[in-house]
Peer 1: 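Provided herewith is a single structure, encoded as structure tokens, for subsequent inquiry.
Note that this is a predicted model, so its numbers are computed, not measured.
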Amino acid sequence: MKTEEIRNKTIDQLKTELLNLYKEAFNLRFQKSSGQLENTSRIFKVRKLIAKIKTIIREKRD
């Protein structure tokens with residue numbers, strides 16, 4: 001997801017997306033620990049996207 005797409009969403013939509021990303025990150029960590037994860041780079045992409053969304057939520061609040 002590009003930054004422009006994230007900026008066009010409302011804070012409620014961003015919070016929903018953030019919750020989904022937290023769930024995905026948890027599932028990815030669980031898969032990694034059990035040895036079932038094939039695409040390990042997805043973990044880092046999800047973490048960056050979480051940080052990006054949190055930053056934009058903070059910007060919109062101010």
Side-chain angles (χ1 to χ4, degrees):
M1 185 180 302
K2 294 187 177 186
T3 307
E4 185 177 321
E5 295 172 8
I6 297 171
R7 288 187 193 278
N8 290 332
K9 293 186 177 187
T10 64
I11 290 180
D12 291 332
Q13 291 173 329
L14 291 174
K15 287 183 179 180
T16 304
E17 184 71 28
L18 195 59
L19 183 62
N20 292 335
L21 287 170
Y22 278 133
K23 289 178 184 177
E24 183 179 353
F26 173 77
N27 290 331
L28 289 171
R29 285 194 312 266
F30 191 84
Q31 288 175 6
K32 183 181 177 188
S33 66
S34 65
Q36 296 176 350
L37 185 63
E38 293 179 11
N39 185 7
T40 56
S41 67
R42 181 69 183 149
I43 294 173
F44 302 107
K45 289 178 184 176
V46 169
R47 288 177 62 197
K48 280 189 170 189
L49 192 53
I50 288 172
K52 197 181 289 189
I53 289 174
K54 286 176 118 178
T55 302
I56 291 173
I57 287 174
R58 279 191 218 110
E59 288 176 356
K60 286 188 175 214
R61 284 186 183 161
D62 293 339

Peer 1: In Å and rounded to the nearest 0.5 Å, what is the CG to CD distance from L49 to E24?
Peer 2: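 If we round to the nearest 0.5 Å, L49:CG and E24:CD are 8.5 Å apart.
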Peer 1: How long is the straight-line distance from CG of N27 back to CD1 of I43, given to the nearest 0.5 Å?
Peer 2: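 Result: 11.0 Å between the selected atoms.
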Peer 1: Let me confirm one number: the CD1-OG1 distance from I53 to T16, rounded to the nearest 0.5 Å.
Peer 2: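 The CD1 atom of I53 sits 10.0 Å away from the OG1 atom of T16.
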Peer 1: Quick one: NZ on K52 to OG1 on T3, what's the gap to the nearest 0.5 Å?
Peer 2: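 Separation between the atoms: 3.5 Å.
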Peer 1: How many angstroms lie between atom CG of L21 and atom CG of L28, to the nearest 0.5 angstrom?
Peer 2: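 Spacing of CG (L21) from CG (L28) equals 10.0 Å.
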Peer 1: Looking at E59, I want to see if its CD is surrounded by more than 12 non-hydrogen atoms of other residues, nucleotides or ligands under 6.0 Å.
Peer 2: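 Correct, the count exceeds 12.
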Peer 1: Is Y22 linked to F30 within one hydrophobic cluster, defined over Ile, Leu, Val, Met, Phe, Trp and Tyr using a side-chain heavy-atom separation of less than 4.5 Å?
Peer 2: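 Different clusters: Y22 never reaches F30 through Ile, Leu, Val, Met, Phe, Trp or Tyr contacts under 4.5 Å.
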Peer 1: I'd like to know if F26 and I50 are part of one continuous hydrophobic network [Ile/Leu/Val/Met/Phe/Trp/Tyr, side-chain heavy atoms within less than 4.5 Å].
Peer 2: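 Not linked; separate clusters.
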Peer 1: Between K60 and K9 (side chain of the first, backbone of the second, donor and acceptor by atom type, cut-off under 3.5 Å), is there such a pair?
Peer 2: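 Yes.
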Peer 1: The test is side-chain contact (heavy atoms from CB on, under 4.5 Å); show your working for L19 and K15 and say whether it passes.
Peer 2: CA-CA 6 Å; L19 183 62; K15 287 183 179 180; over 6 Å; no
Peer 1: Let me confirm one number: the CZ-OG1 distance from R7 to T55, rounded to the nearest 0.5 Å.
Peer 2: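 Going from the CZ atom of R7 to the OG1 atom of T55 covers 9.0 Å.
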Peer 1: Judged by atom type as modelled, is there a donor-acceptor pair below 3.5 Å linking the side chain of K54 to the main-chain atoms of L18?
Peer 2: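 Not at all, since once roles are kept as given, no pair shorter than 3.5 Å links the two residues.
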Peer 1: Quick one: list whatever passes side-chain hydrogen bond (donor to acceptor under 3.5 Å, both in side chains) with N8, sequence neighbours left out.
Peer 2: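 With neighbours one apart ignored, the set is empty.
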